[in-house]
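Numbers restart at 1 for each chain; the letters A, B, ... are given by sequence-line order, proteins then strands. Side-chain atoms are counted along with the backbone in the values below, which use heavy atoms only and exclude waters and symmetry mates.
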Amino acid sequence: MSQLFQHLINGIATGTIYALVALGYTMVYGVLKLINFAHGDVMMVGVYMGYATALMLGRQAQSSPWGVLLIFLVAMGGCALMGFLIERFAYRPLREKPRLTALITAIGISFTLSYGFQLDIGFLPGSAPRAFPQIIKPVQWFTLGDPEFPDVVLWNWQVLSLLVAVVLMMGLQYLVYRTRFGRAMRAVSFDHRVAALMGIPTDRVISLTFMIGSALAAGAGLLYAIKDTSVSPLMGLYVGLKAFVAAVIGGIGNVPGAVVGALLLGLVEEFVVGYAASTWRDAVAFGFLILVLLVRPGGLFGRVAAEKV
Amino acid sequence: MDSSPPEGDVMSGPLLEAVGVSIQFGGLKALSDFNLSIHKGDLQGLIGPNGAGKTTAFNVLTGVYQPTQGEVRVSGQRVNGWLPHQINHLGLARTFQNIRLFRALTALDNVKVACRGQGALHPEGVGLGAKVRGAVRNYQDWWRALLLTPGFQAEERELTQQAEHLLEVMGLTHRRNEEARNLPYGEQRRLEIARALGTRPKVLLLDEPAAGMNTREKADLMVLIRKIRDDFNLGILVIEHDMKLVMGICEKITVLDHGETIARGEPAEVRNDRKVIEAYLGDSYLESQGGAA
Amino acid sequence: MSEAQVKVLGERREFPPLLTVDGVKVSYGAIQALKGVTLKVGKGEVVALIGANGAGKTSTLRAVSGMLKPVGGRITLSGEDTTGAKAHTLVPRGMAHAPEGRGIFPNLTVLENLELGAYLRDDADGIAADMEKSYGLFPKLRERRKQLAGTLSGGEQQMLAIARALLSRPKLLLLDEPSLGLAPQVTETIFRNLRDVNAAGVSILLVEQNAHLALNFAHYGYVLETGEVVMAGPGKALLESPEIRKAYLGE
Amino acid sequence: EKKSQPAPSGDKAQGGQAAQPATAGGAPAETNTLLLGVVTSLSGTQATFGSSTRNGIDLALKEANAAGGVKGKKLEMRVYDNQGKPEEAAQATTRLITQDKALLILGDVASSNSLAMADKAQAAGVPMITHSSTNPSVTEKGDYIFRVCFIDPFQGFVMAKFARENLKIGQVAILQDNKSAYSIGLTEVFTRAFTEMGGKIPATESYSQGDTDFRAQLTTIKKTKPQAIYVPGYYNDVGLIARQARELGLTTPMLGGDGWDSEKLFELAGDALDGSYFSNHYSPGNSDPKVQKFIADYKAAYGGEPDAFAALSYDAAKVAIAALEKAKDVSGPSIRDAIAQTKDFPGVAGTITLDEKRNAVKSAAILKVAKGKTEFVTTVNP
Amino acid sequence: MQTVAAVSSGSGSSSGVPAPLRGILPVLVALPVLLALEWLLSDSPFAIYLLSIMGVNVILAVSLNIVNGMTGQFSIGHAGFMAVGAYIAGVTSLALKDVALSFLPVGVSDQVFLFVALLVGGSASALAGFLVGLPSLRLRGDYLAIVTLGFGEIIRVVVTNTEAFGRALGLSGIPQTSSMAMVGFWVFLVVLTARRIAGSSHGRSLWAIREDEVAAEAMGVNTTGYKVRAFVISSFFAGVAGGLFAHFVPIINPGSFTFVKSMEIVVMVVLGGLGSTTGAIVAAVFLTLLPEGLRSAFTTFGSGSNLAQQVDQIRMPVYGMLLVVLMLARPQGLFGTKEFWEVVPRWIPRRRKGM
Ligand SMILES: Nc1ncnc2c1ncn2[C@@H]1O[C@H](COP(=O)(O)OP(=O)(O)OP(=O)(O)O)[C@@H](O)[C@H]1O
Ligand SMILES: Nc1ncnc2c1ncn2[C@@H]1O[C@H](COP(=O)(O)OP(=O)(O)OP(=O)(O)O)[C@@H](O)[C@H]1O
Ligand SMILES: [Mg+2]
Ligand SMILES: [Mg+2]
């Protein structure tokens with residue numbers, strides 16, 4: 001019983017991370033209809049930026065509120081800039097071209113980043129994973145059983161990241177469906193040429209979306225690093241993939257869908273590992289995905305665009 | 001259905017028949033109790049204000065949408081629940097109101113996609129036996145293609161000629177190897193007709209074929225449509241907002257409004273039908289006609 | 001490519017200059033769509049552009065509204081050179097374009113589509129008023145306010161496209177075959193209302209297959225053939241001319 | 001006959017023949033350097049082992065060259081990355097042998113890569129020494145394949161023995177890396193040995209290399225209240241496992257194998273591993289001057305403590321060099337024979353004697369983790 | 001799609017060869033060439049290995065192109081099919097290891113068994129393709145993509161947990177009977193198949209589906225049927241490619257069939273130009289040689305120095321950047337949707353199109 005609780009907590013914690021990454025994925029997809037395979041790797045770079053900042057700040061400063069804030073700002077700002085550059089130079093030139101071409105450049109960038117960061121030349125960190133400093137002092141906010149050897153533990157950062165995820169979700173939802181910018185985004189996502197005829201500065205809208213998405217990735221990455229206490233060049237590949245799956249389960253392009261999908265995925269994985277064989281985790285995760293899609297081809301919340309013949 | 005459909009001329013019955021067809025989109029009844037029957041050689045019109053349900057009617061007849069009530073028969077065969085391509089194999093072809101060509105393919109290939117050699121026409125029908133037989137035939141086809149059997153090559157040649165002929169009929173020979181997306185609007189419409197004819201239909205449904213054509217081109221089109229009807233002797237149903245064209249070529253006209261059939265008959269009757277004038281033509285139409293005629 | 005000599009009929013009524021298109025060339029890859037088109041639209045003037053299929057009417061509008069970059073020539077809007085300017089920079093300067101193929105946003109509702117028409121405006125009540133106007137103009141749109149635009153009927157989509165263009169309160173309105181797929185009655189209403197719009201000082205550059213309708217409506221007309229202006233003159237004058245009657249009115 | 005390559009288990013005769021064109025093809029005669037080929041993973045999840053490997057070999061060669069090289073020729077190495085994939089390993093090996101005319105192949109850590117390499121080396125009749133592939137099947141590939149470390153069965157047995165006899169515990173849960181044959185192998189042996197000695201394995205959970213969240217498995221393990229957890233994985237996972245175990249309130253000591261050995265382990269695990277034990281090829285704490293010298297030189301050259309992979313690759317290179325020295329010529333067969341004769345070779349990771357199965361007969365060290373350092377506890381002999 | 005126009009007009013064109021023969025003519029021409037190649041290369045293992053890898057990649061790219069390029073479906077799980085073929089064929093060969101056709105010389109009998117194994121592997125993979133193809137009846141675009149990807153991952157997990165497949169360590173001891181002739185033969189076969197599909201009404205139907213499914217249906221194209229068939233054919237060849245792979249790579253393990261591998265195949269297809277068979281070939285060859293090329297290039301800067309040793313790591317980032325650059329330089333892919341001889345004009349005899 002208590003074990004069930006612990007699994008629930010773990011599952012939601014994992015799902016939260018997926019959710020945060022998935023939000024960025026879904027946003028970029030929403031406006032460009034591009035599966036941005038580099039998203040996970042952008043996240044990874046963001047985490048290293050935060051890591052570097054933390055080291056510079058040193059033990060004391062890094063865990064002070066201002067330190068933490070600075071770390072997040074640097075990482076998210078850096079990633080926003082990176083996202084801007086990637087979009088500007090790798091994606092924009094291909095906007096009029098078949099979507100697959102942009103996908104390839106995305107893959108190219110993903111390779112460049114994930115393999116590039118494995119080098120131990122110059123500032124590059126090398127392939128060895130690093131311990132990520134505990135910038136948020138882990139505190140047990142709730143325990144069950146005797147405090148020495150508790151049965152269930154709930155950590156402050158678990159609650160924290162869940163809150164962040166939910167707030168961000170609502171924020172994005174508002175941005176996309178309630179604001180003029182959001183309307184512009186959706187217009188651009190369908191046809192940027194006609195959108196321009198409405199006076200929408202398509203390039204700026206797309207750049208901005210990318211920057212927001214990348215910043216989100218960085219933030220998510222940091223929470224991820226805090227959760228699993230490490231940072232490595234390959235961390236993006238795996239989380240990126242899972243986040244994408246989560247986004248699709250929820251109906252890619254749909255903001256709340258991304259979060260729900262992610263939490264579901266997190267729980268499914270946790271329970272497979274906890275109660276069945278962990279070796280089947282990924283199989284079950286993808287099986288779950290396929291099942292969802294067979295029942296609802298547009299994902300849980302996505303609607304397959306009504307096409308008038 | 002297993003046995004290939006009985007030939008149109010053998011049976012006197014209608015090639016295309018809709019009986020009490022209705023369809024609903026959420027709350028909206030886009031088409032209600034729609035009846036229609038088209039025989040070989042017919043040239044009928046379907047008109048009505050925007051949003052009346054004309055295109056929807058086409059979609060129901062061709063199997064794009066499933067009717068919520070009623071029954072559709074193509075050359076005597078009930079086709080409710082059939083897939084569009086199966087219905088097409090029974091001899092029903094259409095064009096689209098907002099053009100849907102295979103944009104990156106050449107004009108010739110657009111038509112060739114639709115073309116089928118006489119022999120190769122095999123409606124798969126529903127029911128397991130038919131499916132299996134269809135599948136087997138298909139795989140035979142693949143092998144013939146892979147082994148480049150003489151029969152296959154002959155068929156390819158035949159298809160090409162067939163397609164070229166259709167382009168010629170539609171006056172598109174000069175665009176033979178141009179990508180469909182680069183053709184101007186009017187020619188795209190004609191190409192759609194050529195493509196539809198490629199499937200050797202018994203009934204042809206045209207959705208606003210004259211849209212985007214100037215008066216002169218419309219005049220030519222009228223001649224063309226009649227010519228098609230006679231040369232390929234098939235039944236034709238036209239949706240069109242250009243009264244000159246509709247009244248000019250159609251022997252019988254059905255008028256829809258809000259999904260309801262509000263009138264049906266000879267052009268002359270329809271033209272002077274009070275309800276039709278109110279709902280669709282508008283009074284000024286009478287004068288303009290009076291003026292023109 | 002040298003300008004083909006344009007056959008000009010009759011006298012042009014004077015309007016203060018708004019749009020000038022001077023020897024504009026456009027090509028799609030190898031295909032040269034416009035071989036040097038020259039035309040003018042004055043403030044408050046209605047100009048019709050007619051021509052056979054593939055003559056280059058749509059391409060001309062696209063070039064004017066910045067949807068595509070001309071490879072040659074010059075375009076000015078109220079004095080400023082706007083050749084090759086990005087489309088979204090022209091909207092604030094009073095340009096509105098209802099493009100060929102309607103270009104509505106199928107996954108947005110009718111309402112959202114209209115709101116996008118007023119993207120650059122922030123006079124809430126002004127917008128509301130104009131919405132009401134367009135609903136008055138096309139009652140069907142009010143019925144379908146919440147429906148996804150993609151599921152509208154062809155004609156309804158056409159109405160939406162025109163209404164959306166009007167919502168930006170343009171100085172110059174580009175219409176590409178507005179009557180396409182519209183019931184005759186609706187066509188009349190639209191043109192009647194366009195008359196009012198124009199009376200309110202909006203200039204209109206109109207591409208229309210129905211030459212009779214267009215030339216009756218327009219102050220001035222140009223005839224396009226294979227990417228060049230071959231004929232120009234007041235609408236009525238053109239309607240009179242035997243060539244036009246033969247080529248476009250099929251008489 | 002030419003068409004089909006000799007089967008992997010290929011009989012020596014064939015291997016020998018094939019070798020003639022490949023190596024004794026006079027290539028070395030032209031150059032005045034002797035080329036050693038190295039294949040290891042420089043990218044992918046195991047890249048760190050790759051760089052340790054490379055450094056270890058590099059160090060050995062530098063020393064040898066400083067000492068005037070071998071047979072009057074300078075030694076040279078060429079390192080190729082196999083991205084942790086067998087097909088890449090095979091490709092790189094083939095290239096080293098046929099294009100670059102390497103006399104001898106060194107590598108790799110992951111057994112599946114070594115197996116791929118061994119197959120090609122054996123077929124071409126070029127000797128190969130793996131420094132730390134502990135899977136038995138590697139050297140079974142043929143008579144050209146050698147190994148300078150102990151094998152999984154031994155290591156698994158060692159830890160089981162230690163846990164049962166020295167630590168006197170009876171309940172050990174296992175958390176294995178399902179993606180690494182090494183981990184699976186150790187698990188099997190440990191389980192067998194430990195239960196034979198009367199111990200119990202209440203739970204065997206597994207994870208996949210590169211995972212970063214092990215809470216689910218640990219939660220399940222925790223329920224079984226074990227006295228220790230055996231984690232035969234690689235340090236980069238173990239570090240996180242340790243942390244998360246403590247975080248979930250699992251305070252029992254952990255047991256592991258040579259995969260743990262890396263200074264990074266302590267950076268990752270912090271103090272979470274204090275009181276844990278793992279079996280290893282050598283102990284940095286070992287006072288033997290030759291070991292201390294190695295450590296000093298290594299630090300000087302590459303910075304940072306040498307881990308077991310560095311030490312073993314260093315030894316492997318040393319063995320290879322000694323063999324080249326001894327061999328009457330540099331043809332595949334003679335080098336092979338020279339290596340085969342290796343006896344009581346003083347390596348930094350223990351004395352190496354190759355048995356008839358071409359495996360090193362070595363003792364294992366048990367190390368204890370305390371305050372982010374390792375303490376030598378005892379050696380267990382075969 | 002000039003291709004098709006050209007083909008259909010070309011296929012009729014008169015060539016010296018009698019019509020009944022033309023179907024199999026290319027085969028008759030190719031076989032001796034392959035055997036010659038086999039003989040020439042027989043004592044340069046590296047060349048053989050490289051060519052084999054290249055061949056496998058070509059088969060993968062060309063077969064994937066049938067789904068992604070021609071049919072416009074978006075599959076990114078090709079490595080999964082490859083895995084199915086590799087393991088099934090591998091297991092088959094292991095089972096047949098000790099049997100031999102005594103009446104044939106060893107080499108030949110090996111090839112016979114290899115061929116059998118490949119067919120088995122290919123068929124298994126085709127079956128998988130059928131199963132994965134079924135969802136494509138309901139799913140579109142990226143949703144289908146993720147399903148194929150998921151399938152590939154599931155396959156890997158299954159393998160990792162199956163004792164018979166050697167689990168994580170991998171399956172070793174498969175007789176290394178692959179030969180240049182066999183690889184070449186299948187490369188040739190897949191290309192021939194792709195080209196002939198392209199030249200037939202089937203090819204046109206696939207293209208029609210890519211362009212507009214609704215219209216295709218309305219024109220009598222059984223879209224669902226064709227999509228599934230495209231998947232089946234494509235995955236069959238992917239399986240064969242895997243089978244070949246398993247017969248010259250000493251040990252196959254799940255790590256060789258990750259979704260990164262699938263991505264590499266997609267890259268080949270897109271880089272070559274969606275729908276262009278020859279493009280896929282060129283891209284596959286190029287991308288296979290690229291890493292080895294970089295290797296040679298790098299090893300030429302003096303070895304010994306620390307950088308020279310690290311150099312092999314630099315290949316992958318460089319590869320990634322090259323992808324970006326290439327795509328930007330040629331967004332439509334090497335040949336667009338056209339074929340080699342339509343882009344590189346004249347000097348290729350026009351008849352070749354019929355092939
Ligand atoms: N898929 C759909 N979902 C919801 N409503 C639809 C759908 N398809 C059509 N409708 C509605 O049904 C009505 C009939 O549409 P239809 O396209 O048949 O009109 P139409 O007669 O073709 O008009 P037009 O002459 O303008 O083409 C329209 O009001 C349209 O909004
Ligand atoms: N996207 C395009 N790509 C290539 N060629 C094009 C494209 N659009 C138009 N064309 C070509 O440019 C020429 C002019 O086309 P345009 O659409 O401007 O003519 P139009 O007068 O609008 O014709 P319509 O009356 O049919 O709309 C035509 O020959 C057409 O084939
Ligand atoms: Mg309609
Ligand atoms: Mg036009």
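Screening D/Ile97, D/Leu36, D/Thr130 for a side-chain contact (heavy atoms from CB on, under 4.5 Å) involving D/Ile105 leaves a single residue, D/Ile97.
Residue D/Ala110: no heavy atom, backbone or side chain, is found under 4.5 Å from chain E. Both the backbone and the side chain of D/Gln91 come within contact range of chain E, with heavy atoms under 4.5 Å apart. Heavy-atom distances place no part of D/Gln209 under 4.5 Å from chain E, backbone and side chain included. Of the atoms belonging to D/Asn135, it is side-chain heavy atoms, and not backbone ones, that fall under 4.5 Å from chain E. Within the 4.5 angstrom heavy-atom criterion, only backbone atoms of D/Ser180 (N, CA, C, O) approach chain E.
At a cut-off of 3.5 Å, with distance as the only test, no side-chain donor of D/Asp297 or D/Tyr314 sits close to an acceptor on the other residue. Side-chain contact check for D/Tyr302 and D/Asp58: at least one donor-acceptor pair (N or O, by modelled atom type) lies under 3.5 Å.
The candidate from D/Ile184, D/Asn178, D/Leu115 with the greatest count of non-hydrogen atom pairs under 4.5 Å with chain E is D/Asn178. Of the residues considered (D/Ser137, D/Ala116, D/Ser183, D/Ser206), D/Ala116 shows the highest number of contacts with chain E, using heavy-atom pairs under 4.5 Å.
Note on D/Lys74 versus D/Glu76: no salt bridge recorded, every NZ/NE/NH1/NH2 to OD/OE distance being 4.0 Å or above.
A distance of 8.0 Å separates OG1 in D/Thr33 from NZ in D/Lys73, rounded to the nearest 0.5 Å.
Relative orientation of the E/Phe81 and E/His78 rings is perpendicular, given thresholds of 30° and 60° on the angle between their planes.
No donor-acceptor pair under 3.5 Å is formed between the side chain of D/Arg54 and the backbone N or O of D/Ala310. Although no hydrogens or angles enter the test, the distance criterion places a donor-acceptor pair under 3.5 Å between the side chain of D/Asp211 and the main chain of D/Ser208.
Checked against the 6.0 Å centroid criterion, the rings of D/Tyr234 and D/Phe49 qualify as a close aromatic pair.
Using a 4.5 Å heavy-atom cut-off against chain D, no residue of residues 113-121 of chain E qualifies as contacting.
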